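Okay, structure first, notes after.
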Amino acid sequence: MKVAVSASGPDLDATIDPRFGRCAYFVIVDTDDMNFEAFNNDNIALGGGAGIQSAQFVASKGANVVLTGNCGPNAVQTLSAAGVEVIVGQAGSVRQAIDYYKSGNLKSTTTPNVGDHYGMGDARSTPAVAGMGRGMGMGRGGGMGRGMGRGMGMGRGMGGGMGSTGPVSPNQPEAPPLSKERELEALKDQARALRQRIEDIESRTKNSA
């Protein structure tokens, strides 16, 4: 069984990126032996259609299931059409989410839990904290947005725009709350992932100039 997880980094200990279509990475894990592949998400900068493109990408990699924080209607429809199960409302690390899935505690959904264009803002917005999307959504700030996730406390995102979340599907179980130390570690992981993505994009821009 192959499970695709939206992640802030390219390994099993990376925190889950709550945005499916515009996550930093996709980590695709074989649940039989926990071998995995990590892929940069080139759709992060798309002005529209990121959910569809990301859904098509993970389906092309043979994923049977997607674990993520939030998934919009276009992505859910595309994944469902490809026969890929969608499980939203996930938090913590990629490894924790896979373990939780293997325990049989998670149920798939065919209903999006956010609207179109979730994750977009005035600039390219980035994840606040893993598990966002199960709480109060993103706020706005002059360069530092704040996000609150139930069980996660207060988190910070590096984007300056606004995002919005919808209610988590009622059949989704609560992810275990994180400690303040784990929350801080998640923020550091996402800051590192953001810096790496910016460097990758700048490098590509220079090479194509």
Side-chain angles (χ1 to χ4, degrees), residues 1-39 41 54-55 58-59 61-72 75-76 79-80 82-114 118-119 127-136 147-153 155 165-190 193:
M1 176 75 72
K2 286 189 175 182
V3 178
V5 187
S6 59
S8 63
D11 55 56
L12 296 178
D13 295 317
T15 53
I16 289 179
D17 191 323
R19 307 160 307 166
F20 171 72
R22 291 183 173 81
C23 64
Y25 296 88
F26 289 110
V27 178
I28 299 181
V29 185
D30 188 326
T31 58
D32 293 331
D33 54 18
M34 292 302 286
N35 284 332
F36 68 93
E37 293 180 279
F39 302 91
N41 181 14
S54 294
V58 297
K61 295 299 180 182
N64 307 105
V65 180
V66 162
L67 301 180
T68 188
N70 300 289
C71 201
V76 168
L79 290 166
S80 296
V84 180
E85 291 185 72
V86 182
I87 297 175
V88 297
Q90 300 310 298
S93 70
V94 173
R95 191 188 305 275
Q96 288 170 335
I98 293 293
D99 288 344
Y100 206 43
Y101 171 75
K102 289 170 67 176
S103 72
N105 291 323
L106 302 180
K107 294 181 181 180
S108 61
T109 182
T110 57
T111 304
N113 66 333
V114 290
Y118 168 75
V129 289
M132 209 190 118
R134 43 170 69 250
M136 302 302 294
M148 294 180 68
R150 190 162 62 233
M152 290 290 295
T165 63
V168 175
S169 179
N171 63 356
Q172 297 300 322
E174 292 291 332
L178 302 184
S179 66
K180 290 186 179 296
E181 291 78 11
R182 187 70 183 94
E183 185 179 336
L184 179 59
E185 182 181 341
L187 293 174
K188 290 179 179 178
D189 285 345
Q190 293 185 7

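Residues: numbered from 1 along the sequence shown. This structure is a prediction, so every number in the text was calculated from the model and none was measured.
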What closest approach, in Å, do P112 and T110 show between heavy atoms, and which atom pair accounts for it?
-> CD-O, 4.0 Å
Evaluate ring pair (Phe, Tyr, Trp, His ring centres under 6.0 Å) for F26 paired with F20, printing each intermediate quantity in order.
-> CA-CA 9 Å; F26 289 110; F20 171 72; 5.5 Å; yes
Any idea which heavy atoms bring Q96 and G92 closest together, and the distance?
-> OE1-CA, 3.3 Å
How would you list, by chain and number, every residue that makes a side chain to side chain contact (heavy atoms under 4.5 Å, CB included) with D33, sequence neighbours excluded?
-> D30, N35
Knowing that exactly one of I16, V66, V5 qualifies, which makes a side-chain contact (heavy atoms from CB on, under 4.5 Å) with Q90?
-> I16
Atom CG of N113 and atom CG of N70: how far apart are they, to the nearest 0.5 Å?
-> 4.5 Å
Decide yes or no on side chain to side chain donor-acceptor pair (under 3.5 Å) for T15 and S8, but give the supporting numbers first.
-> CA-CA 6 Å; T15 53; S8 63; 2.7 Å; yes
Flag side-chain contact, heavy atom, 4.5 Å: C71 against T109 = no
Are any non-hydrogen side-chain atoms of L79 and V58 less than 4.5 angstrom apart?
-> yes
Of all heavy-atom pairs linking G69 and S6, the shortest is N-OG, 4.2 Å
Residue pairs, two or more places apart or on separate chains, that pass salt bridge (charged side-chain N to carboxylate O under 4.0 Å, His left out) and touch residues 88-106 | D13-R95
Heavy-atom side-chain proximity of N41 to S54 below 4.5 angstrom | yes
Closest approach of P10 to A38 (non-hydrogen atoms, all atoms of both residues) = O-CB, 3.4 Å
Are side-chain heavy atoms of I87 and S108 found at a separation under 4.5 Å?
-> yes
If every non-hydrogen atom of T111 is compared with every non-hydrogen atom of V76, which pair is closest and at what distance?
-> N-CG1, 4.3 Å
What pair of heavy atoms forms the shortest contact from M1 to N64, and how long is it?
-> SD-CB, 3.3 Å
F36: which of I28, V94, D11 passes side-chain contact (heavy atoms from CB on, under 4.5 Å) = D11
Side chains of L67 and L106: does their closest heavy-atom pair fall under 4.5 Å?
-> yes
Going from OH on Y101 to CD on E85, what distance comes out if it is rounded to the nearest 0.5 angstrom?
-> 5.5 Å
